[in-house]
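Heads up, the thing below is written out as structure tokens.
Numbers here simply count residues along the sequence, with the first being 1. Since the structure is predicted, the reported quantities are computational estimates derived from the model, not experimental observations.
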Amino acid sequence: MVTRHLVTTAIESTWKVDVPILFLGEWCRKHDRQDNWSSLDAKVIPYHWDDRTKLYRDYLYLQNTYEELLNELTTELNKYHGKAFSNRYWRILLGPWLGYFIQVLFDRWEMLHRAVTDYEISGVSVVTGNKQRVTVNDMNEFLKSFITDEWNEAICGELLEWMGVNIIQISAQSNTDTALQNTTVAHARRKHGKFRSAIRTSLDIISKAIKTDQDFFFISSYIPHKQELLLQLKLRQLPTFWRSVQAPICASDRLMRSRSEKEVIQPNDFISVARVMINRHIPIVYREGFSALSDVVRTLGWPKRPKAIFTGIAWSSDDVFKAWAAEKVENHSPLIVVQHGGNYGMSRWEFTEDHQIAIADCFLTWGWDTPGKQNVVPYGMIKHLGTTQTFSPRGGALLIETAAPQTSYRMLSLPVAHQWLQYFEDQFRFVQALPNKLQSQLLVRLHSNDFGWYQIQRWKTVFPFIRLDEGQIPINSRISQSRVCISAYNGTALLESMAMNIPTIMFWNPEHWELRDAAIPDFEKLTSVEIFHSTPESAAKHLSAIWDDVNLWWLDESTQRVRQEFCQKYARVPENPLKTLANVISDVAAEQIDDSATKQ
């Protein structure tokens, strides 16, 4: 067997190009750097989660591991901070980070084990000092960091220290092709102007002035502002609008962390490795900075005893909100979380769905429910309350794409790592199967975050004249110019277009977008009326067949019946939406009061 130098990321300063190389994964080989790696004597390790059965099995294992580690952290952090918070408190505060971290860590650990076990490795180059830079301040910083080459290189370096690999320390150098530097197709997103910032500041001041300590509390609700205002009036309170507050920036105490390492490392036992890595890399605001985080929470000026807390997305990365909400939940304020996108209720596995259901007193879905989960309440789509969407019967075709990081990041039913290359190839197959006249009518809307895939270059190489939308123009304006939307992934876009009765075609590889058993019959019905297709060629053939009269197909009684049944379950538009929602929120608050009185 040839001895090879292991390469864990695309940081080329860690490569030894004069010897045979072993790439840990396709993420090491950037599309725009082909000239640098295409002629090397190199192999790429087969990806362990190409076995999708293993992927699902590993998800179940990691969920059990998550629960065990969360229980341990509850005990350890309560002792460290002198608190007696419940498991639910810590689940709300650090659960999203813990879930992401152990899922990502397991993937890297498993691939490194395969490298060490299946290949002869001469060594690995590790950047000196990277290890000290990967402990993040908070969840927001973690989400930005863990998809970068620098973070992954450091984590892999730490894991390899326990695997008996020859480690060659090298000095840090600037790298031109990191994931961090290629995160967006269009690098600049719109920034809030001074006028909008002034309005938000004014709303904060007004909210603090008129709020009561027992208000219903809304933040990052996913509800349009006007509708949220009307909703609060229906709840008989003066409308208040709250916004996120940045977590305090604190210093890491590395000496304390090293002293608290009690675990005897067993490199072949993942949970043993995970305990040590969690101790080293738990975000600072959950440990050394927790007191500072608590100080920020105390000075927020938010309600002290909210009747209910309502959010769509703040449960994920808003650590100040999570610390505040966890404290209020400890004191019996109910937490209502609302579904904020697609794939929920359909995906065979989805960590963030499981997490939201676990933390919420009430999880409002867009129409589906979960047997045995009484806190999962079907309501309907909340994002577009009070809005409408038009389309153009003589317009073009809109192909809506998505993308994800080049390494695994959180676990749900979608392509992982290099499987996105097959996803891109499926999109090319779709266009290739269209007649020329339809290719010229097609607009491809890319995901606004490129994640270093260089999608524009890939598209232009295969189709030099294809029209591309880089994802910066509001999608509603694109839909209004289109006669049909083609959704190439199981996500929010298809639910929105279906709910608004816009002609919609869906296609994706079912082996990479696995459905839960309860959703399979629903997609079989979509297939029967040619809304859903399992191959790009089938979708292209159908688009060609209906192009001259899309409504003849879309408005057909059988097509509309299937669409309506699908929307009732996954993209429901509720009748009297604000009244219904106000009733749900009031009922949850009343139930919590009754429960608290009973316990007392």
State plainly whether the residues [X] and [Y] are in salt-bridge range, i.e. N to O under 4.0 Å.
{"X": "E353", "Y": "R516", "value": "yes"}
{"X": "E537", "Y": "R429", "value": "yes"}
{"X": "E350", "Y": "R410", "value": "yes"}
{"X": "K144", "Y": "E141", "value": "no"}
{"X": "K541", "Y": "E530", "value": "no"}
{"X": "K525", "Y": "D522", "value": "no"}
{"X": "D361", "Y": "R88", "value": "yes"}
{"X": "E153", "Y": "R108", "value": "no"}
{"X": "E401", "Y": "R445", "value": "no"}

Ring centres under 6.0 Å, that's the criterion: do [X] and [Y] meet it?
{"X": "W109", "Y": "H113", "result": "yes"}
{"X": "F532", "Y": "W508", "result": "yes"}
{"X": "W459", "Y": "F428", "result": "yes"}
{"X": "F424", "Y": "W453", "result": "yes"}
{"X": "Y66", "Y": "F351", "result": "yes"}

Can you confirm whether [X] sits close enough to [Y] that some side-chain heavy atom of one is under 4.5 Å from a side-chain heavy atom of the other?
{"X": "I546", "Y": "L552", "answer": "no"}
{"X": "W368", "Y": "Y570", "answer": "yes"}
{"X": "V104", "Y": "W151", "answer": "yes"}
{"X": "C362", "Y": "P334", "answer": "no"}
{"X": "V529", "Y": "D556", "answer": "no"}
{"X": "M381", "Y": "Q339", "answer": "no"}
{"X": "L24", "Y": "C156", "answer": "yes"}
{"X": "L495", "Y": "M498", "answer": "no"}

**side chain to side chain contact (heavy atoms under 4.5 Å, CB included) evaluation trace for I336 with I309** = CA-CA 6 Å; I336 302 172; I309 302 164; over 6 Å; no
Counting only N and O atoms by type, is there a donor-acceptor contact under 3.5 Å from the side chain of [X] to the main-chain atoms of [Y]?
{"X": "Y409", "Y": "V416", "answer": "no"}
{"X": "T370", "Y": "K373", "answer": "no"}
{"X": "R483", "Y": "W547", "answer": "yes"}
{"X": "Q481", "Y": "G395", "answer": "no"}
{"X": "S480", "Y": "S477", "answer": "yes"}
{"X": "N343", "Y": "G491", "answer": "no"}
{"X": "W27", "Y": "T8", "answer": "yes"}
{"X": "Y222", "Y": "H340", "answer": "yes"}
{"X": "W315", "Y": "G312", "answer": "yes"}
{"X": "S347", "Y": "L412", "answer": "no"}

**Item:** Ring-face cation of R348 near Y56 (centre distance under 6.0 Å, axis angle within 45°)
**Value:** yes
Between [X] and [Y], what is the ring plane arrangement, given parallel below 30°, perpendicular above 60°, and tilted in between?
{"X": "F101", "Y": "W97", "result": "parallel"}
{"X": "F507", "Y": "F430", "result": "parallel"}
{"X": "Y423", "Y": "W513", "result": "tilted"}

Distance, nearest 0.5 Å, that separates [atom1] of [X] from [atom2] of [Y]:
{"X": "E150", "Y": "I155", "atom1": "CD", "atom2": "CD1", "value": "12.5 Å"}
{"X": "R467", "Y": "L398", "atom1": "CZ", "atom2": "CG", "value": "9.5 Å"}
{"X": "I400", "Y": "H447", "atom1": "CD1", "atom2": "NE2", "value": "12.0 Å"}
{"X": "F321", "Y": "I313", "atom1": "CZ", "atom2": "CD1", "value": "10.5 Å"}
{"X": "R478", "Y": "L399", "atom1": "CZ", "atom2": "CG", "value": "13.0 Å"}
{"X": "C28", "Y": "D149", "atom1": "SG", "atom2": "CG", "value": "8.0 Å"}

**Message:** Could you go through E26 and Q406, starting from their C-alpha distance and side-chain angles, then the distance that decides it, and tell me whether this counts as side chain to side chain contact (heavy atoms under 4.5 Å, CB included)?
**Reply:** CA-CA 8 Å; E26 282 291 344; Q406 296 185 53; over 6 Å; no
With a 3.5 Å cut-off and no angle check, do the side chains of [X] and [Y] form a donor-acceptor pair?
{"X": "Q103", "Y": "D58", "answer": "no"}
{"X": "D50", "Y": "Q419", "answer": "yes"}
{"X": "R561", "Y": "Q564", "answer": "no"}
{"X": "R458", "Y": "Q427", "answer": "no"}
{"X": "T9", "Y": "N152", "answer": "no"}
{"X": "D107", "Y": "S408", "answer": "yes"}

**Message:** Between E575 and T580, is the side chain to side chain contact (heavy atoms under 4.5 Å, CB included) condition met? List the steps.
**Reply:** CA-CA 8 Å; E575 295 184 12; T580 302; 5.9 Å; no
**Steps toward side chain to side chain contact (heavy atoms under 4.5 Å, CB included) verdict (M139, K322)** = CA-CA 11 Å; M139 183 62 177; K322 289 186 291 178; 4.1 Å; yes
**F310 and its ring-ring contact (aromatic ring centres under 6.0 Å, His included) partner, picked from F363, Y379, F218** = F218
**Message:** For K460, I'd like to know if atom NZ has over 12 heavy atoms of other residues, nucleotides or ligands within 6.0 Å.
**Reply:** yes
